[in-house]
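Notes to accompany the following structure.
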2 protein chains.
Amino acid sequence: MPKAKASKRPLKTPPTPSRRSPCPVSCALDLFGDRWTLLVIRDLMLGRNRFKDFVSSPEGIPTNILSDRLERLLESGMVRQIPASDGGKRMAYELTEKGDSLRPVMKSIRDWGLAWEPGTKVLLQQG
Amino acid sequence: MPKAKASKRPLKTPPTPSRRSPCPVSCALDLFGDRWTLLVIRDLMLGRNRFKDFVSSPEGIPTNILSDRLERLLESGMVRQIPASDGGKRMAYELTEKGDSLRPVMKSIRDWGLAWEPGTKVLLQQG
DNA sequence: ATTCATTGCTTGCATTATGCAAGTTTTTTA
DNA sequence: TAAAAAACTTGCATAATGCAAGCAATGAAT
């Protein structure tokens, strides 16, 4: 649970704590190069925005993994928290501009999967 | 033990070993959703094709990981082995059509990294 | 022909991540 | 107010990763 405190002093920490190389592909994979992160982003792009929504996706992400991924996505500025639309006190998640700009990545991966992995199909269209 | 031939696992891979869902993104991530596979494919797209080339890339992939990834890429039909161009007896690797068709994915990830990860830059252009 | 360095791996082992089940706390609903 | 749902956390077993070392097969040099 990050305590979201805004610091005013200039960042001393380098932009990347432990970057393997300055290659943009390598750096991108440091952020979402795993089997779950892009699935959470996919769900967000499809309009799902609650913890339970991600959990109920067909791949069945374990809740401890989901907590970890959401935390990392918040840290890396791809996701932010907002009040849930039901007016209650719980929070929901949404993509920032940085996260939303992964749509071309998502589309290219989806297209590749549809073309080369037999039996795949798009379950939900993005509205 | 024979060298460089058989995998340790049973390898009776059915069309879909254990697919998490029929989602094309999920299935694609089952194949290259990790921190190393796409870097090997990047190197192949840049014209590198030998084990030592992959090892000498700036990210420093461990050789056991590289062996595993090459084996999986062969299994999934994204990479094939060919005689090395130096006329010797050693083999090299190259992308199949399936692997090469990941270029749009690679490009979208590279573009995203360049746009959103400060300090990244393309080290080698693809010829 | 013998030595030597390079290539392409494999092995062993410590560390880290993943996956599963269960438990906990807060919020919402009945 | 009691119960259910939501959003996590914790514990623990298993798997993946990362590092160093080792080793057999080339290829090059002597």
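The structure presented is a predicted model; accordingly, all values stated were derived computationally and were not measured.
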Starting at [atom1] of [X] and ending at [atom2] of [N], how long is that distance when rounded to a whole Å?
X     : N      : atom1 : atom2 : answer
A/I61 : C/dC20 : CD1   : P     : 12 Å
B/I65 : C/dT16 : CD1   : C1'   : 12 Å
A/E71 : D/dT10 : CD    : P     : 11 Å
B/K52 : C/dC9  : NZ    : P     : 12 Å

Toward the 5' end of DNA chain C, which comes first, B/A92 or A/K89, by nearest nucleotide? B/A92
Please compare A/D86 and A/D68 by the position of their nearest nucleotide in DNA chain C and report the one closer to 5'. A/D68
Shortest side-chain distance from [X], nucleotide among [options]:
X     : options                : answer
A/P62 : C/dC20, D/dT17, D/dC8  : C/dC20
B/R69 : C/dT18, D/dT17, C/dG12 : D/dT17
B/R90 : C/dG19, D/dA16, D/dT26 : D/dT26

For a side chain to side chain contact (heavy atoms under 4.5 Å, CB included) with A/F51, tell me which candidate from A/N49, A/V55, A/D53 qualifies. A/V55
Check whether any side-chain N or O of [X] sits under 4.0 Å from OP1 or OP2 of [N], and answer yes or no.
X     : N      : value
B/T63 : C/dC9  : no
A/R35 : C/dG19 : yes
A/R50 : D/dA6  : no
B/W36 : D/dG18 : yes
A/Y93 : D/dA7  : no

Close side-chain approach of A/L38 to A/I41, heavy-atom, < 4.5 Å: yes
Rounded to the nearest 0.5 Å, how far apart are CG of B/L70 and CG of B/L44? 7.5 Å
When we call it a touch if two heavy atoms are under 4.0 Å apart, what does A/R20 touch: a base, just sugar-phosphate, or nothing? nothing
Taking A/W112 for its side chain and B/K98 for its backbone only, find out whether a donor-acceptor pair lies under 3.5 Å. yes
Whether A/T120 side chain and B/C23 backbone form a donor-acceptor pair below 3.5 Å: no
